[in-house]
> 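Before I ask anything, let me first share the structure, which is written out below as structure tokens.
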Amino acid sequence: MSLRIAVVGTGIFATDTHLPALQKLDNIYQVVGCYNRTKAKAETFAKKAGITKVYDSLDELLADKDSIDVIDALLPVEYNPSIVESALSNGIPIAIEKPIAANLEDAHKVVELSRKYPDTPVFILEQWAYYKSIELIKKELPKIGKLVSFQYSSTGSFNFNNKYLSTGWRQHPKHIGGYLSDGGVHQLALLTGVLGHLKSVSAKTTQIRELSGTVDTLYSLMETESGLIGTFTYGSCFGNTEKKGIFQILGDNGSIYLDFSPTLPSPKITINTGGFSAESERKTEEVQVENENFDPVREFQVFGEGLLKKDYSGYITTPEVAFHHLAIVDAALKSNGQSIDVEKA
């Protein structure tokens with residue numbers, strides 16, 4: 001048995017990324033229909049997907065709920081609360097793209113809707129939360145003793161050839177922080193996936209590119225709920241520089257260093273142990289992360305298998321978790337150098 005899935009919002013990402021992922025998982029999903037406000041885009045998507053059902057309206061799609069098991073929605077995030085409510089009130093599970101919403105007020109609405117309809121899942125499509133690196137690092141953490149601090153940095157030069165650059169949601173973002181929430185929640189999914197929720201943020205932001213539409217660069221000091229302190233830097237709007245992604249965790253008996261820079265063949269984890277005492281043995285191990293889940297196949301697999309088994313315990317990206325990612329960005333934007341507590345869902 002496979003899940004009959006309808007795609008709402010058939011733009012670039014739906015066509016180039018979601019559709020290939022769903023087609024790879026043809027033992028789980030069958031794409032049966034689509035809808036887009038511009039019907040010609042939906043017709044193009046349908047042709048590529050090999051389907052004939054193109055809905056004239058969202059209401060028509062929802063009315064056809066006996067022919068649909070699940071919705072994959074790729075809309076500008078300001079429409080996430082309304083599409084979630086429409087799906088859940090019709091008893092249809094739904095996956096929506098990150099960030100969870102345009103702002104925390106709307107994010108609260110999505111969380112409350114998911115609580116109102118607990119038997120109909122809302123799944124946030126944030127593939128970084130399903131990275132193999134997260135579990136590999138967590139497995140090694142006990143080796144470095146008591147955790148003390150962290151450094152996280154993801155920086156790069158501005159991509160003038162980005163295919164999303166001319167889109168309205170990119171040039172005039174309705175979501176808080178623009179690039180900082182759109183791409184920043186990826187980074188925060190990795191960070192919090194390893195170290196848990198954050199308690200507070202002290203940050204400064206700036207805007208480098210007019211094309212960003214709003215602030216696009218973030219430097220911050222953060223504290224986790226478990227008491228670790230660390231720095232978090234994010235920005236991809238610089239001039240000519242190598243694109244780098246690093247995540248280091250420091251303990252009283254060593255450190256773990258993840259290099260996920262795209263210039264590497266695959267991410268690499270370096271585990272340095274020892275140093276707790278003068279006598280403790282010092283060792284270094286390296287782990288290559290093969291076939292990291294850079295595309296959305298793994299998250300769609302988790303979503304679909306959970307629906308088929310009616311067991312949602314494997315869902316990492318719940319609305320509450322995705323709310324936390326956006327709430328960190330919200331706190332950073334409000335900070336202006338002051339320590340701001342991260343709002344809870």
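In this chain, residues are counted from 1 in sequence order.
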> Students often mix this up, so state it plainly: with edges at 30° and 60°, are the rings of Phe323 and His108 parallel, tilted or perpendicular?
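Plane angle between 30° and 60°, so tilted.
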> Ser226 vs Thr224, test: side chain to side chain donor-acceptor pair (under 3.5 Å). Steps then yes/no.
CA-CA 5 Å; Ser226 60; Thr224 70; 2.9 Å; yes
> Between Lys132 and Glu290, is there a donor-acceptor pair closer than 3.5 Å when you use the side chain of the first and the backbone of the second?
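Yes, because the side chain of Lys132 sits within donor-acceptor range (under 3.5 Å) of the backbone of Glu290.
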> Determine whether Thr317 and Glu299 satisfy the following criterion, side chain to side chain donor-acceptor pair (under 3.5 Å), listing intermediate values before the conclusion.
CA-CA 9 Å; Thr317 47; Glu299 60 182 346; 5.6 Å; no
> What class does the angle between the rings of Phe300 and His18 fall in, given that below 30° is parallel, 30 to 60° is tilted and above 60° is perpendicular?
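If you compare the ring of Phe300 with that of His18, the planes turn out perpendicular.
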> Donor-acceptor pair, Arg115 side chain versus Val110 backbone, under 3.5 Å?
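The answer is no, because no donor-acceptor pair under 3.5 Å joins these two groups.
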> Apply the test side chain to side chain donor-acceptor pair (under 3.5 Å) to residues Tyr312 and Thr318: give CA-CA distance (whole Å), side-chain angles for both, the deciding distance (0.1 Å), then the verdict.
CA-CA 10 Å; Tyr312 314 130; Thr318 63; over 6 Å; no
> Thinking salt bridges, do Glu225 and Lys344 make one under a 4.0 Å N-O criterion?
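Salt bridge present between Glu225 and Lys344.
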> Among Ile328, Ile134, Val321, which one satisfies side chain to side chain contact (heavy atoms under 4.5 Å, CB included) with Thr192?
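It is Ile328; the other options fail the test.
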> Begin with the C-alpha distance, continue with both residues' side-chain angles, and end with the deciding distance and a verdict on side chain to side chain donor-acceptor pair (under 3.5 Å) for Asp59 and Ser57.
CA-CA 5 Å; Asp59 287 340; Ser57 68; 5.2 Å; no
> Quick check: does any side chain N or O of Asp216 sit under 3.5 Å from a backbone N or O of Tyr179, one acting as donor and the other as acceptor?
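Looks like no, no N/O pair under 3.5 Å.
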> Taking the six-membered ring where the residue is Trp, are the ring centres of Tyr257 and Phe247 under 6.0 Å apart?
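Between Phe247 and Tyr257, which both carry aromatic rings, the centre distance is not below 6.0 Å.
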> Run through Leu25, Leu22, Leu308 and flag the one making a side chain to side chain contact (heavy atoms under 4.5 Å, CB included) with Leu3.
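When side chain to side chain contact (heavy atoms under 4.5 Å, CB included) is applied between Leu3 and each of Leu25, Leu22, Leu308, only Leu308 qualifies.
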